[in-house]
Amino acid sequence: SEPGDSHDEL
Amino acid sequence: MNAFRLAGDMTHLISVLVLLLKIHTIKSCAGISLKTQELYALVFATRYLDIFTDFISLYNTVMKLIFLGSSFSIVWYMRRHKLVQRSYDKDHDTFRHQLLVLPCLILALLIHEQFTFKEVMWTFSIYLEAVAILPQLVLLQRTRNIDNLTGQYVFFLGAYRSLYILNWIYRYFTEPHYVHWITWISGLVQTLLYADFFYYYISSWKNNVKLTLPA
């Protein structure tokens, strides 16, 4: 994923 | 979502529930470091800033609310609840956690994926989580007898991030362009900090003796 993507992990 | 990550989240949830169970039912926080609990509340507060702006999934939002709610209520219990406070070992829980917060903030300002407020705060939370357990590990070294619930709490807390490392390896090989060096290195450092605790915890469990850490 591109840097700064919304982080999908907790 | 893969099995490693789900197992990691569930292990993390168990660690929090074990701690809440201990504090809420027997009204005791013996052996628990308030400093570490405050650092974890800060970790979740700075990591989940996007809870109302970026909807990932119901699971993601519910888990964020659980982690936020539990970490802040644990801090509240240890700071405000008269009965719980009595078992707080403030003479030994003296780790200056400011020494952890500031370097993590500076590092986040220097090394991040994107220079935006949310991203820097998120990166800060990743660095801070890696070292947040230090006051707790120091307290365990100082207090001789580690009761079962405290030992289980620290064990599950350490185990969850090692499961996340398996999740990152899995995602690296299955998702193109999935690269997050910051999270990976911090997660590795975090897990390594538990290494000696794991060693003593597992050997005490194998030899069926009380968990004691060397002075």
field: Residues A:H7, B:T123; criterion side chain to side chain contact (heavy atoms under 4.5 Å, CB included); working and verdict
entry: CA-CA 11 Å; A:H7 301 286; B:T123 311; over 6 Å; no

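- In this structure, chain A has a heavy atom under 4.5 Å from the side chain of B:W168, while its backbone stays farther away.
- Around atom OH of B:Y59, more than 12 heavy atoms belonging to other residues, nucleotides or ligands sit under 6.0 Å away.
- Proximity to chain A (any heavy atom under 4.5 Å) is restricted, for B:D54, to the side chain, taken from C-beta onward.
- A 6.0 Å sphere centred on CZ of B:F198 holds more than 12 heavy atoms belonging to other residues, nucleotides or ligands.
- Residue-environment remark: CZ (B:F55) exceeds the threshold of 12 foreign heavy atoms within 6.0 Å.
- The pair A:E9-B:R47 does not meet the salt-bridge criterion, since no charged nitrogen lies less than 4.0 angstrom from a carboxylate oxygen.
- For B:F44, no part lies under 4.5 angstrom from a heavy atom of chain A.
- By the 6.0 Å contact criterion, CH2 on B:W205 is open, its count of non-hydrogen atoms from other residues, nucleotides or ligands being 12 or less.
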task: In sequence, state the C-alpha distance, the side-chain angles, and the governing distance for A:L10 and B:K64, and then conclude on side chain to side chain contact (heavy atoms under 4.5 Å, CB included).
output: CA-CA 7 Å; A:L10 289 173; B:K64 284 176 177 176; 3.7 Å; yes

